Amino acid sequence: MTSDLTSTGAEQDAPSRLASVARRGLLRCAVPLAQGGDGAPVDELVSRIRELAGQDMASARIAWAQRLAIEALVHSPNIALREHLLPDLLTGALAGTLSWRQDLTLASARSLVQAQPLERGWHLKGLLDDVPNLQWEGYVVVCPVRFDAQVGQPQRWAWVVLRSEEDGLRHVIDVTRAQDVATASGTVRLNNVYFREDELLADDPHRLALHLQLLDQALRPAMLAAALSRPAPVHKKYEV
């Protein structure tokens, strides 16, 4: 993995925001007790995200991304993958994200990421735009992939989770945009990223999409409402 941004300077506030979100207990909130969470209802998470957004929208966006990545692992039938990644996502030791503009209903026929079959495994190609929480120290990104048809198997959709250290995965953050820097948001490009079938997050794309959609539809309006309720900045008038 390569990045066009060094770990010094303006990006430092994004890691501190993720650490703060973890300390506030937002990452474990509304995750089942059996999977390392606090077992609280989703309404509790919505309330706490709304409060956070009222204080700092950049932190809320990072929390949104991390929490949806956690939700994807919670509902993944791939137990080995879940047990490997979920503990570090819950503590914030590992950043997690998905595409902000992602079609969580999978209603669109257009795929941002496409898988081309190899003799063993697949090559993933595509672009994820406006992705938050691309932390310098490493992250995982959840995304739907369209797998090309091959002998004995039709074209299909599935969810995957990719690690930032994968060969062929590269992210770029525009350091001239303050909000992108604050939330570590940028573009993720996949160029022949090797993927094995046993690393699928979920091969029933619509079921997992439904879980993500339900949480997204609860959190995002709360964040927006908090942003709209914040008082407008006061501009002092100076008489000449």
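Keep in mind the model is a prediction, meaning the values are calculated, not measured.
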Rounded to the nearest 0.5 angstrom, the CG-CD distance for L208 and Q213 is 11.5 Å
Examine distances only and state if a side-chain atom of R48 and a backbone atom of R24 form a donor-acceptor pair shorter than 3.5 Å. yes
message: Starting from I49, can I reach V42 by hopping between I/L/V/M/F/W/Y residues whose side chains sit under 4.5 Å apart?
response: yes
Closest non-hydrogen contact found for C143 with L128 is CB-CD1, 4.0 Å
Output for pair (L90 CG, C29 SG), nearest 0.5 Å, gives 11.5 Å
Checking the side chain of S164 only, and the main-chain atoms of Y139 only, is there a donor and an acceptor separated by less than 3.5 Å?
yes
Tightest non-hydrogen contact, residues L124 and A115, listed as CD2-CB, 3.4 Å
Subject >> Working for side chain to side chain donor-acceptor pair (under 3.5 Å), residues Q114 and D148 >> reply: CA-CA 7 Å; Q114 188 169 1; D148 286 350; 2.7 Å; yes
>> Between S20 and R17 (side chain of the first, backbone of the second, donor and acceptor by atom type, cut-off under 3.5 Å), is there such a pair?
In response: no
To the nearest 0.5 Å, atom OH of Y194 lies from atom NE2 of H123 at 8.0 Å
Any D203 side-chain heavy atom under 4.5 Å of W157 side chain: no
Does a donor on one side chain sit under 3.5 Å from an acceptor on the other, for T176 and D174? yes
L33 atom CG, neighbour heavy-atom count above 12 within 6.0 Å: yes
Can you check side-chain contact (heavy atoms from CB on, under 4.5 Å) on Q155 and R146, steps first, answer last? CA-CA 7 Å; Q155 177 182 291; R146 188 179 69 191; 3.5 Å; yes
Correct closest heavy-atom pair for L73 and L85 would be CD1-CB, 4.3 Å
Nearest heavy-atom approach of Q135 to A95 is CG-CB, 3.4 Å
When rounded to the nearest 0.5 Å, the distance separating CG of L212 from CH2 of W159 is 5.0 Å
Of V160, V161, L81, V145, the one forming a side chain to side chain contact (heavy atoms under 4.5 Å, CB included) with L200 is V160
(message) If you define the side chain from C-beta out and look only at heavy atoms, does anything of M223 sit under 4.5 Å from R50?
(response) no
Any donor-acceptor N/O pair, S47 side chain to D43 backbone, under 3.5 Å
no
Interatomic distance, CG@L215 vs CG@L219, rounded to 0.5 Å, equals 4.0 Å
Of all heavy-atom pairs linking A149 and P117, the shortest is O-CG, 4.5 Å
Test item: side-chain donor near acceptor, D216 and W64, under 3.5 Å | yes
Can any side-chain N or O of R28 pair as donor or acceptor with the backbone N or O of G36 at less than 3.5 Å? yes
Exactly one of V31, L89, I62 clears side chain to side chain contact (heavy atoms under 4.5 Å, CB included) with R67, and that residue is V31
Please test V113 against V193 for side-chain contact (heavy atoms from CB on, under 4.5 Å), starting from the C-alpha separation and ending with a verdict. CA-CA 11 Å; V113 178; V193 175; over 6 Å; no
A72 and L201 have their tightest heavy-atom pair at CB-CD2, 3.9 Å
Item to check | Expected output: side-chain D38 to main-chain A30 donor-acceptor under 3.5 Å | outcome: yes
- Using 4.0 Å as the upper bound for N to carboxylate O, is an ion pair formed by R82 and E71? no
So do T187 and V131 actually touch side chain to side chain, heavy atoms under 4.5 Å? no
Rounding to 0.5 Å, atoms CG (L98) and CG (N133) come to a distance of 10.0 Å
(Q) I want to know whether W122 and F147 have ring centres closer than 6.0 Å. (A) yes
Can L162 and V140 be said to form a side-chain contact (heavy atoms from CB on, under 4.5 Å), step by step?
CA-CA 5 Å; L162 303 171; V140 293; over 6 Å; no
Review point. Is there a donor-acceptor pair closer than 3.5 Å between any side-chain N or O of Q66 and the backbone N or O of L18?
Key: no
- Presence of salt bridge, R61 and D130, under 4.0 angstrom: yes
Notebook entry, point to check: Would you find a donor on one side and an acceptor on the other, under 3.5 Å apart, between the side chain of T91 and the backbone of D88?
Noted result: yes
(Q) With heavy-atom distances below 4.5 Å as the criterion, would you say the side chains of L68 and V142 are in contact? (A) no
Check: P132 main-chain N/O paired with T97 side-chain donor or acceptor under 3.5 Å
yes
For this session: Please answer whether the main-chain N or O of V175 pairs with a side-chain N or O of D180 as donor and acceptor at a distance below 3.5 Å.
Result: no
For R156, does the CZ atom sit with more than 12 other heavy atoms under 6.0 Å from it, leaving out its own atoms?
yes
Relative to each other, are the rings of H75 and H211 parallel, tilted or perpendicular (30° and 60° limits)?
parallel
| request: Flag yes if more than 12 heavy atoms outside Q116 fall under 6.0 Å of its CD atom; otherwise flag no. | output: yes
### Message
Less than 4.5 Å apart, side chain to side chain, heavy atoms only: is that true for N191 and R170?
### Response
no
